[in-house]
Every structure is written in C-alpha cells, then in structure tokens.
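Below you'll find the structure, written out as structure tokens, and then a few comments.
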Amino acid sequence: MDKTIVCKDCGAEFVFTEREQAFYESKQFSDPVRCKACRDARKAEKAAKEAAQQPAE
Ligand SMILES: [Zn+2]
C-alpha cells in the first residue's frame, strides 16, 4: 500500500509508493523523511560543499 509521508523539512505531503517501499526494503534503507524536492536540494547542497572543499585541478 502506498504511504503518505509528511516532509520533515518543508512539511509537504508526498507519496512513498509501494514500488519505492520495495526498493528501500531491498536496500535496507529506512523510510524517507523528506520529499523529493528537499532530498534533491540537500543532495545539490552536499555536492556543492564537496566541490568547494576540493581544490580544482
Ligand atoms: Zn520537502
């Protein structure tokens, strides 16, 4: 069954589909707490930080 989760960051509801649940289970990930937009934003932020820490070659 699809689950509706409230995003921890922005408070928006998002659907955690059965298919995603199966994927997460197979990877032994815990349920997501953030919507896709927030996850993408965090990912981008992390990538930007890492890029800033590494001197350009
Ligand atoms: Zn969000």
Side-chain angles (χ1 to χ4, degrees):
M1 212 169 81
D2 289 356
K3 280 193 214 175
T4 303
I5 298 177
V6 176
C7 175
K8 196 181 160 186
D9 280 6
C10 69
E13 287 189 347
F14 64 98
V15 177
F16 185 35
T17 64
E18 248 187 281
R19 236 178 127 156
E20 288 168 328
Q21 290 171 42
F23 175 77
Y24 271 61
E25 210 169 292
S26 75
K27 301 277 179 190
Q28 298 190 310
F29 291 160
S30 46
D31 289 4
V33 293
R34 291 181 185 87
C35 68
K36 192 175 185 302
C38 289
R39 272 182 295 176
D40 285 350
R42 287 176 69 90
K43 216 187 279 174
E45 204 177 290
K46 191 164 174 268
K49 240 179 228 170
E50 277 168 13
Q53 278 168 2
Q54 281 161 11
E57 287 180 76

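Note that these values count all heavy atoms, side chains included, but never hydrogens, waters or copies made by symmetry.
The two residues Cys7 and Cys38 make their nearest non-hydrogen contact at SG-SG, 3.7 Å. The nearest pair of heavy atoms linking Glu20 to Val15 is OE1-O, 3.5 Å.
Atoms CZ and OG1, on Phe14 and Thr4 in that order, are 9.5 Å from each other to the nearest 0.5 Å. Here the straight-line distance linking atom NZ of Lys43 with atom NZ of Lys36 works out to 6.5 Å at 0.5 Å rounding.
The backbone N or O of Met1 lies less than 3.5 Å from a partner atom in the side chain of Gln21, making a donor-acceptor pair.
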Would you be so kind as to tabulate the donor-acceptor pairs closer than 3.5 Å made by side chains of residues 24-34, with sequence neighbours excluded?
{"unit_1": "Tyr24", "atom_1": "OH", "unit_2": "Arg39", "atom_2": "NH1", "d": "2.7"}
{"unit_1": "Ser26", "atom_1": "OG", "unit_2": "Phe23", "atom_2": "O", "d": "2.7"}
{"unit_1": "Asp31", "atom_1": "OD2", "unit_2": "Lys3", "atom_2": "NZ", "d": "2.7"}
{"unit_1": "Arg34", "atom_1": "NE", "unit_2": "Asp9", "atom_2": "OD1", "d": "3.2"}
{"unit_1": "Arg34", "atom_1": "NE", "unit_2": "Asp9", "atom_2": "OD2", "d": "3.1"}

